[in-house]
Amino acid sequence: MRMHSRQPLPLSFGATSLTFMLITLTFALSVTSLPANTEKGRRRVVHVLEDDTGEVIVQTAPGKVLTHRGGSITLPCRYRHEPENTDPDRIRIKWTKVTDSLQFEDVFVALGRQQRVYGTYKGRLSLEEAGPGDASVIIHNVTLEDYGRYECEITNDMEDDTGFVNLDLEGVVFPYYPRVGRYKLNYHEAEEACKQQDAILASHSQLHKAWLEGLDWCNAGWLEDGSVQYPISHPREQCGRKDSPAGVRNYGYRHKEDERYDAFCFTSNVNGKVYFLKRFKKVNYGEAVKACVRDGSVVAKVGHLYAAWKIQLFDRCEAGWLEDGSIRYPIVNPRARCGGPQPGVRHLGFPDKKFRLYGVYCFRKTKQEAAGGFPATRPPTEISTMRKSSNSIPINATSV
């Protein structure tokens, strides 16, 4: 990981100039989600400008591509070099991931036919090579951590140009606090708590989108960038004054070690099946764990249940144990005796693990996921001389 500042380079229009284009694509959603107003696809407008010399430059607004965890996605990037007979072996393509805190993580570098993939992208990323001027890369088996902003930089000798693509994931944001209670997690503990529930800390944009879809939560939680925020759709006195406008309330950036809050986690498509294990008798927590194992599964995590509810439309009006010792159940179609008028994942707290009052939700991985497999990519030729990297549903509600 490296950290630095960059000044934008002016475009030049001489014989050696680089003209850079981000190709915009339309991606249809492959997963049904509950909000009726969810977009069925995304399209970016291409702006064509003409400078004083008559040279045409093709530019776009920063592009966004959409996929889900476990899927494959192309990060589009195209360039045109003047003159066109420039030796392609002299052109360097570099992809970098940029965080909200302006840290830069090396992802991919190519110089001619030599290529290098960095970090967790190894074995999952390859150059698309769809023709001359194509610097697009394909990411297979997309992970939650792949979410974010990517920089595509094209360099030839002293000339370079840069464009950005945002990789977005279909998924769900959910508030989380552990058995020990609310406001008990510092930043690092919140990060680990989300990870243990098959999720990551949500970004501000993910939380804002969840708020637009109706998420209303009156407890502040950590986000990925180290800020503490909470979404309010229905202002009330106990949640920052009734006369305050609805919105995402922001406490700003807090001390990551000393201050303690809840967490807002984000998860995406689960590569497996979440189901309620049918039994004649209720079970305690230990019996629940054993029952799932006997059925060839494990006790589901909180992130598993939220993803199944939001993406797979999982609906079950029976309370059951989850891996963290909490009792929850998912409701897509609200009805009498199922916890209120709004859809959401109902949360009944953390009872004594000895109580035999509930069923259990199990999770079984797909065969491909269990084997750790994903689509293979063509192994690139390593560059031995290059520097290595430094390191929508109304209310995602939880009833308590």
Side-chain angles (χ1 to χ4, degrees), residues 31-32 68-71 141-144 171-172 174-181 192-200 263 265-333 335 337-339 343-374 396-400:
V31 181
T32 302
H68 55 79
R69 178 170 52 177
N141 193 30
V142 171
T143 68
L144 296 176
V172 57
F174 61 93
Y176 186 78
Y177 64 92
R179 173 179 286 274
V180 293
E192 181 61 26
C194 289
K195 183 178 180 180
Q196 289 177 358
Q197 298 310 314
D198 192 50
I200 59 174
C265 305
F266 173 82
T267 192
S268 184
N269 180 57
V270 287
N271 297 315
K273 178 184 178 182
V274 177
Y275 62 98
F276 186 82
L277 185 61
K278 295 181 179 180
R279 293 179 57 86
F280 294 109
K281 297 181 180 180
K282 304 298 184 181
V283 293
N284 62 31
Y285 181 79
E287 292 167 341
V289 172
K290 293 178 181 178
C292 286
V293 171
R294 285 195 298 269
D295 202 49
S297 306
V298 296
V299 179
K301 298 176 182 292
V302 177
H304 292 153
L305 189 63
Y306 267 96
W309 164 73
K310 177 65 179 289
I311 299 175
Q312 300 175 0
L313 307 186
F314 184 37
D315 185 297
R316 187 85 186 195
C317 192
E318 294 186 72
W321 292 101
L322 292 183
E323 188 267 347
D324 67 340
S326 64
I327 301 297
R328 307 178 195 244
Y329 61 99
I331 296 298
V332 174
N333 301 305
R335 50 207 182 272
R337 301 182 181 181
C338 288
V345 174
R346 314 292 191 228
H347 183 193
L348 303 185
F350 295 86
D352 189 316
K353 290 186 175 182
K354 296 179 181 178
F355 288 174
R356 287 191 175 94
L357 299 175
Y358 311 101
V360 59
Y361 286 94
C362 302
F363 173 70
R364 181 181 295 126
K365 292 182 178 180
T366 61
K367 293 181 179 180
Q368 183 182 28
E369 177 72 7
F374 50 84
N396 296 329
T398 301
S399 302
V400 181

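Source: prediction; values computed, not measured.
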Item to check | Under 3.5 Å: donor-acceptor pair, side chain of R328, backbone of Y361 | outcome: no
Checklist entry - A300 and V274: which non-hydrogen atoms are nearest, and at how many Å? => result CB-CG1, 4.3 Å
Next on the checklist: Could you report the tightest heavy-atom contact between I311 and G171, atom names first, then the distance?
Outcome noted: CD1-CA, 4.2 Å
Checklist entry - Heavy-atom distance under 4.5 Å between the side chains of V299 and V360, does that happen here? => result yes
Checklist entry - Which heavy atom of V302 sits nearest a heavy atom of Q197, and at what distance? => result N-OE1, 2.9 Å
Next on the checklist: Rounded at 0.5 Å granularity, tell me how far OH in Y177 sits from OG in S326.
Outcome noted: 8.5 Å
Checklist entry - How about R316 and F276: do any of their side-chain heavy atoms sit closer than 4.5 Å? => result yes
Item to check | K301 vs D198 side-chain heavy atoms within contact, under 4.5 Å | outcome: yes
Checklist entry - How many angstroms lie between CG in L305 and CD in E323, if you round to the nearest 0.5 Å? => result 12.5 Å
Checklist entry - So do L144 and F266 actually touch side chain to side chain, heavy atoms under 4.5 Å? => result yes
Checklist outcome for this item: Residue pairs passing the side-chain hydrogen bond (donor to acceptor under 3.5 Å, both in side chains) test with at least one member in residues 283-294, sequence neighbours excluded, are E287-R356
Checklist entry - Which atom names give the shortest non-hydrogen contact between I200 and C194, and what distance separates them? => result C-CB, 3.8 Å
Next on the checklist: Can you give me the closest heavy-atom contact between L277 and A291, atom names plus distance?
Outcome noted: CD2-CB, 3.6 Å
Checklist entry - Could you go step by step and tell me if N269 and Q312 meet the side-chain contact (heavy atoms from CB on, under 4.5 Å) rule? => result CA-CA 8 Å; N269 180 57; Q312 300 175 0; 4.2 Å; yes
Checklist entry - Between C265 and Y176, what is the shortest heavy-atom contact and its length? => result SG-CB, 3.9 Å
Checklist entry - What is the ring orientation for Y306 with F174, classed by angle as parallel under 30°, tilted 30 to 60°, or perpendicular over 60°? => result parallel
Checklist outcome for this item: Interatomic distance, CH2@W321 vs NZ@K353, rounded to 0.5 Å, equals 7.5 Å
Next on the checklist: Is there a salt bridge (Lys or Arg N to Asp or Glu O under 4.0 Å) between D295 and R279? Walk through the geometry before answering.
Outcome noted: CA-CA 11 Å; D295 202 49; R279 293 179 57 86; over 6 Å; no
Next on the checklist: Nearest 0.5 Å, please: how far is SG in C317 from CZ in R335?
Outcome noted: 5.0 Å
Item to check | 4.5 Å side-chain heavy-atom contact, P351 and L357 | outcome: no
Item to check | Heavy-atom side-chain contact between V332 and P343 under 4.5 Å | outcome: no
Checklist entry - When rounded to the nearest 0.5 angstrom, what distance separates CG in L322 from OH in Y358? => result 12.5 Å
Item to check | Candidate pair V180 and F350, rule side-chain contact (heavy atoms from CB on, under 4.5 Å), full reasoning | outcome: CA-CA 9 Å; V180 293; F350 295 86; over 6 Å; no
Item to check | Heavy-atom side-chain contact between V270 and R69 under 4.5 Å | outcome: yes
Next on the checklist: As an exercise, state the distance from NE2 of H68 to CG of N271, rounded to the nearest 0.5 Å.
Outcome noted: 8.5 Å
Next on the checklist: Would R364 and Y275 count as a side-chain contact (heavy atoms from CB on, under 4.5 Å) here? Give the steps.
Outcome noted: CA-CA 8 Å; R364 181 181 295 126; Y275 62 98; 3.1 Å; yes
Checklist entry - With distance as the sole test, does R346 use its side chain to make a donor-acceptor pair with the main-chain N or O of C338 at under 3.5 Å? => result yes
Item to check | With sequence neighbours excluded, residues passing ring-ring contact (aromatic ring centres under 6.0 Å, His included) with F363 | outcome: H304
